[in-house]
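Here the structure comes first, spelled out in structure tokens, and everything after it is commentary.
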Amino acid sequence: MQENHEIERRFFVDEGTSKVWQKGESKSRIMQFYIDSSQIYIKDGLLFYDSVEVLRADEKSALISTTKKWTARIRYKDDETILTLKSKRSKSTALELEWEIEREKGEEIFQMDDFPSIEKTRYNWRGNDQMLWEVDEFEGGLNGLILAEVELPSETHSVEIPSWAGREITGDKSWSNAALARSLKSQSS
């Protein structure tokens, strides 16, 4: 897999199956909110969101100017706070830039607006072919929705699809986490 590229396949999880992924390698509580990517910029070697100095710019930061439209999010995952920028997806591949940031910076940005957000529990489960699956059980307004994804080293890499994986939704933007968060926000407005 190319550095800073994410190649993944995504699936609905069939309802009524035994939840074998819950006995996988690990689980995490995740809350992520989607911020306005047009407010991210670099000035004097620092990466900012609006007026918040987020972090010192690095080699990845130079890639920000290579794409006009990013999906930007801040994710709270257990004790980590991660800023992520994702480019528009081509088939199953997207440019993805990630930085771990201080929790206080995430909170400062979070307080700026009522951003679209989602909450979920993520389970990491390893298949018979040793590929790592991330299974997300959504909460709140998305309670009952379960999606699974597997990251691949290339678009042509074969993967053994578990029996509990249902219809494939790779490339269907309406089921992206960002689209789900925006849909929830519009329903509550």
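What you see below is based on every heavy atom in this structure, not just the backbone, and it leaves out hydrogens, waters and symmetry mates.
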Minimum heavy-atom distance [X]-[Y], with the two atoms named:
X: Glu8; Y: Thr170; value: O-CG2, 3.6 Å
X: Leu184; Y: Ser117; value: CD1-O, 3.9 Å
X: Gly106; Y: Thr81; value: CA-CG2, 4.4 Å
X: Ala72; Y: Ile40; value: CB-CD1, 3.9 Å
X: Ala179; Y: Lys173; value: CB-O, 3.3 Å

With a cutoff of under 4.5 Å between side-chain heavy atoms, which Ile, Leu, Val, Met, Phe, Trp and Tyr residues group with Ile82?
none
Backbone of Trp70 reached by a side-chain donor or acceptor of Thr67 within 3.5 Å:
no
Strictly distance-based, threshold 3.5 Å: is any side-chain N or O of Lys60 a donor or acceptor partner for the main-chain N or O of Glu98?
yes
Please determine if [X] and [Y] form a salt bridge, counting it only when a charged side-chain N lies under 4.0 Å from a carboxylate O.
X: Asp79; Y: Arg103; answer: no
X: Glu149; Y: Arg9; answer: no
X: Lys120; Y: Glu134; answer: no

Can you find a heavy atom in the side chain of [X] that is under 4.5 Å from one in the side chain of [Y]?
X: Phe138; Y: Asn177; result: yes
X: Ile161; Y: Trp133; result: yes
X: Thr84; Y: Trp99; result: no
X: Val13; Y: Val135; result: yes
X: Leu145; Y: Leu180; result: yes
X: Tyr34; Y: Ile74; result: no
X: Leu152; Y: Met131; result: yes
X: Leu132; Y: Val150; result: no

Pairwise distance [atom1]([X]) to [atom2]([Y]) - rounded to 0.5 angstrom:
X: Tyr49; Y: Glu108; atom1: OH; atom2: CD; answer: 12.0 Å
X: Tyr123; Y: Ile146; atom1: OH; atom2: CD1; answer: 9.0 Å
X: Ser87; Y: His5; atom1: OG; atom2: NE2; answer: 6.5 Å
X: Leu47; Y: Leu55; atom1: CG; atom2: CG; answer: 5.0 Å
X: Arg56; Y: Ile42; atom1: CZ; atom2: CD1; answer: 12.0 Å
X: Glu151; Y: His157; atom1: CD; atom2: NE2; answer: 12.0 Å

Tell me, which pairs form a salt bridge (charged side-chain N to carboxylate O under 4.0 Å, His left out) where one or both residues lie in residues 19-35, sequence neighbours left out?
Glu25-Arg126, Arg29-Glu119, Arg29-Glu139
For residues 33-51, pull every pair meeting salt bridge (charged side-chain N to carboxylate O under 4.0 Å, His left out), keeping only residues two or more places apart or in separate chains.
none
With no hydrogens and no angle check, just 3.5 Å: does a side-chain donor-acceptor pair link [X] and [Y]?
X: Asn124; Y: Trp21; answer: no
X: Glu155; Y: Thr93; answer: yes
X: Trp125; Y: Gln22; answer: no

Please name all residues satisfying side chain to side chain donor-acceptor pair (under 3.5 Å) with [X], sequence neighbours left out, ordered by chain then number.
X: Arg182; value: none
X: Asn128; value: Glu160
X: Glu107; value: Tyr76

Determine, stepwise, if the pair Arg10 / Glu168 fulfils salt bridge (charged side-chain N to carboxylate O under 4.0 Å, His left out).
CA-CA 6 Å; Arg10 300 183 77 221; Glu168 185 165 3; over 6 Å; no
Are [X] and [Y] linked, directly or through other ILVMFWY residues, by side chains that come within less than 4.5 angstrom of each other?
X: Phe115; Y: Val54; answer: yes
X: Tyr41; Y: Ile35; answer: no
X: Ile118; Y: Leu147; answer: yes
X: Ile64; Y: Leu46; answer: no
X: Leu83; Y: Phe48; answer: no

So, applying salt bridge (charged side-chain N to carboxylate O under 4.0 Å, His left out) with Asp136, which one of Arg75, Arg122, Lys77 is it?
Arg122
Would Trp164 and Phe12 count as a ring-ring contact (aromatic ring centres under 6.0 Å, His included) here? Give the steps.
CA-CA 9 Å; Trp164 42 261; Phe12 286 117; over 10 Å; no
Heavy-atom count around Asn143 CG within 6.0 Å, excluding the residue itself: above 12?
yes
CD of Gln130: more than 12 outside heavy atoms within 6.0 angstrom?
yes
